[in-house]
Amino acid sequence: MNLAELNKVAEAMVAPGRGILAADESSGTIKKRFDVIGVESTEDSRRDYREMMFRSTEAMSKHISGVILYDETIWQKAKDGTPLVELINKAGAIPGIKVDEGAKPLPGCPGEVVTVGLDKLADRLPKYYAQGARFAKWRGVIDIGDGIPSYACIHANAHALARYAALCQEAQIVPIVEPEVLMDGDHDIDRCMMITEWVLKETFQELFYNRVAFEGMVLKPNMAIAGNKAKNRAGIDEVAEKTVKMLKNCVPAAVPGIAFLSGGQSDEEATAHLDAMNRIGNLPWKLTFSYGRALQAAPQKAWSGKPENVAAAQRAFSHRAKMNGLAALGQWKADLEKKAA
Ligand code: 13P
């Protein structure tokens, strides 16, 4: 393993004013997104949609540092035969690959899941590297509810994340370590914060035991945020302050950067939260975005599967990418949204 090279990639993934486009929806998830806009999910429609984003030169060359791909996409070619990976590289972004195989029920822990996919991972990683992937993603899922999460669930997911991360670094691929505490439910921000701290502490302990080099990874956490059904949702400043406090308590300064998931926040909420955190300043790591929904909801709607909408969809994508790029610098303003509308 060449740690200096891994660190260079990790730093580039969180470069100032840039963040990651999470375009790695599984076939099941992208079908759900396409159902909303009335588009049939086929190999070609998924290709057309993602090609539209990767050809958004404005967004890709200025605000997007890397793209997380799903297995199908990393092998796909654009309509004109250019590999999609080449489009991403040409725009100056780094191709990455989701390598986990989804979450499965965790025996003995009703209502809880563990992410699988370690068995053949050591064989799969060199193939992804040869295809151009320089980073990978693995997502563990922790749900908050009555009597959950259990320590068994937190430990199993943290251990799998650490095993995955060690295998990635061995294959010269930067691991995005994503332990996601879900926003589903009516819990308040303090419960989210307490559970997320527990999850992050366990995750970094497992990373240490598995000899993962912190300089060569990127953390992708949830923010400290109230559940989506909570009666009192915390405001923007409270989310920012509590998230930064939580991260300072758990994430070693050796980690180059933290790229948040959006997790069901609205587009503008996800941007405002990131911006408010960066305005606090004086942080040991870069704070940026690795958004799926919060970057893609607007372009998906604008595109709606019609070739004549490609330019409008690219404008919508570029706008969100630019807003989040500014938020990664703490330079976003709410009225920039209104001007665009
Ligand atoms: P969301 O931003 O839609 O939560 O997706 C990010 C992601 O990659 C989840 O694994």
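Numbering starts at 1 and runs along the sequence shown. Indexing begins at 1, ligand by ligand and atom by atom, following the structure's order. Computed from heavy atoms alone, side chains included, the values below leave out hydrogens, waters and symmetry copies.
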For residues 106-117, the side chain to side chain donor-acceptor pair (under 3.5 Å) pairs (sequence neighbours left out) are E112-S150
Hey, what's the ring geometry for F289 with Y291, parallel, tilted or perpendicular (30° and 60° as the breaks)?
tilted
Less than 4.0 Å from some atom of ligand 1, heavy atoms are found in residues A22, D24, K137, R139, E178, K220, L261, S262, G263, S290, Y291, G292, R293
Begin with the C-alpha distance, continue with both residues' side-chain angles, and end with the deciding distance and a verdict on side chain to side chain contact (heavy atoms under 4.5 Å, CB included) for D267 and R320.
CA-CA 8 Å; D267 298 0; R320 281 278 34 97; 3.6 Å; yes
Quick check on the 6.0 Å ring-centre criterion: do F34 and Y49 meet it?
yes
Return a table of donor-acceptor pairs under 3.5 angstrom between the side chains of residues 242-256 and protein atoms on other chains or two or more places apart.
| residue | atom | partner | partner atom | Å |
| --- | --- | --- | --- | --- |
| K242 | NZ | D190 | OD1 | 2.9 |
| K242 | NZ | E238 | OE2 | 2.7 |
| T243 | OG1 | A224 | N | 2.9 |
| T243 | OG1 | V239 | O | 2.6 |
| N249 | ND2 | E197 | OE2 | 3.4 |
| N249 | ND2 | K245 | O | 3.4 |

Show me the pairs that pass salt bridge (charged side-chain N to carboxylate O under 4.0 Å, His left out) and involve residues 115-125, at least two apart or across chains.
E101-R124
